[in-house]
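Remarks on the structure that follows.
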Amino acid sequence: YTVAEFICVSSYHGTTESSGEVKLLLDSRLPLEDRQVLFVEDILDTAHTLTFLNKVIKNRKPASLKTIVLLDKPEGRVVPFVADYVGFTIAKEFVIGYGLDFDEMYRDIPEVVVLKPDEYMTPAPTKSKL
């Protein structure tokens, strides 16, 4: 039988660049030994996150471990990693929409679009005193 589990990790911490530090925020509740494991990931960029997860999960001795990503940015790779299955290969640009966010915003855009650098490079407006 098939079981879906969610693991939550973070490496962007409110920026458009990976910090390189991956934090495991929510771990699997089920034992993975001798199980077929498939990581479903939104974006493969630097590969810090998937390298971290592969190391963690391989220590739990799954029968197999495969990775599928919606978007692959090979130009952004800092750590060597090849996904087993790739939806689309894209340029090294910051994308949002279709569930992808920038600092918890823009997830509700119904398509994947490039976030213009001036949208995240411009300082946040400050409230003027009345």
Side-chain angles (χ1 to χ4, degrees):
Y1 64 95
T2 303
V3 176
E5 269 278 79
F6 295 91
I7 296 175
C8 184
V9 294
S10 176
S11 67
Y12 280 80
H13 314 301
T15 68
T16 60
E17 297 288 328
S18 173
S19 67
E21 175 191 357
V22 180
K23 293 182 180 178
L24 183 61
L25 304 176
L26 177 65
D27 202 349
S28 172
R29 296 171 297 137
L30 302 173
L32 300 175
E33 188 169 351
D34 297 324
R35 304 289 303 259
Q36 308 293 329
V37 175
L38 174 65
F39 281 133
V40 179
E41 179 69 308
D42 53 4
I43 300 176
L44 173 53
D45 188 2
T46 64
H48 286 299
T49 300
L50 285 172
T51 299
F52 170 83
L53 285 173
N54 268 356
K55 182 179 177 183
V56 168
I57 299 305
K58 280 182 180 178
N59 285 335
R60 298 177 187 180
K61 300 179 176 56
S64 70
L65 179 56
K66 300 283 184 180
T67 304
I68 184 169
V69 298
L70 175 63
L71 304 171
D72 186 9
K73 295 186 197 179
E75 293 173 51
R77 212 70 91 242
V78 174
V79 180
F81 193 94
V82 178
D84 297 290
Y85 309 99
V86 174
F88 302 94
T89 300
I90 63 172
K92 187 175 175 1
E93 296 181 290
F94 197 85
V95 293
I96 54 170
Y98 206 67
L100 306 170
D101 75 295
F102 168 66
D103 203 17
E104 300 301 323
M105 298 181 293
Y106 309 116
R107 290 183 192 276
D108 59 339
I109 296 172
E111 58 205 11
V112 176
V113 298
V114 174
L115 181 63
K116 296 177 185 175
D118 59 328
E119 292 291 324
Y120 56 85
M121 299 291 275
T122 305
T126 57
K127 293 182 181 179
S128 60
K129 293 181 182 179
L130 298 175

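The basis for the numbers below is simple: all heavy atoms, side chains too, and nothing from hydrogens, waters or symmetry mates.
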Judged by atom type as modelled, is there a donor-acceptor pair below 3.5 Å linking the side chain of [X] to the main-chain atoms of [Y]?
{"X": "K92", "Y": "K73", "value": "no"}
{"X": "D84", "Y": "T67", "value": "yes"}
{"X": "R107", "Y": "G97", "value": "no"}

- [ ] Please step through side-chain contact (heavy atoms from CB on, under 4.5 Å) for the pair R60 and V37, ending with a clear verdict.
- [x] CA-CA 11 Å; R60 298 177 187 180; V37 175; over 6 Å; no

Which heavy atom of [X] sits nearest a heavy atom of [Y], and at what distance?
{"X": "D101", "Y": "D103", "answer": "OD2-N, 3.4 Å"}
{"X": "E75", "Y": "A91", "answer": "OE2-CA, 4.0 Å"}
{"X": "T51", "Y": "A47", "answer": "OG1-O, 2.7 Å"}

Spatial distance of atom [atom1] ([X]) from atom [atom2] ([Y]) [nearest 0.5 Å]:
{"X": "L25", "Y": "F6", "atom1": "CG", "atom2": "CZ", "answer": "15.0 Å"}
{"X": "R35", "Y": "T2", "atom1": "CZ", "atom2": "OG1", "answer": "8.5 Å"}
{"X": "L24", "Y": "F52", "atom1": "CG", "atom2": "CZ", "answer": "5.0 Å"}
{"X": "D42", "Y": "L100", "atom1": "CG", "atom2": "CG", "answer": "5.0 Å"}

Open item on the list: Please give the remaining members of the hydrophobic cluster of V78, linking ILVMFWY side chains under 4.5 Å, ordered by chain and number.
Closed with: V79

Establish whether [X] and [Y] are linked, either directly or via other cluster members, by ILVMFWY side-chain heavy-atom contacts under 4.5 Å.
{"X": "L38", "Y": "L70", "value": "no"}
{"X": "V40", "Y": "V22", "value": "no"}
{"X": "V114", "Y": "I43", "value": "yes"}

Close side-chain approach of [X] to [Y], heavy-atom, < 4.5 Å:
{"X": "V113", "Y": "Y106", "value": "no"}
{"X": "V69", "Y": "L50", "value": "yes"}
{"X": "V112", "Y": "F88", "value": "no"}
{"X": "V56", "Y": "I7", "value": "no"}
{"X": "L26", "Y": "E5", "value": "no"}

Task: Test applied, side-chain contact (heavy atoms from CB on, under 4.5 Å); reference residue, F39; option that passes from I57, I68, T49, L44 - done: I57

Open item on the list: Which residue in the set L53, L32, L65 passes side-chain contact (heavy atoms from CB on, under 4.5 Å) when paired with K58?
Closed with: L65

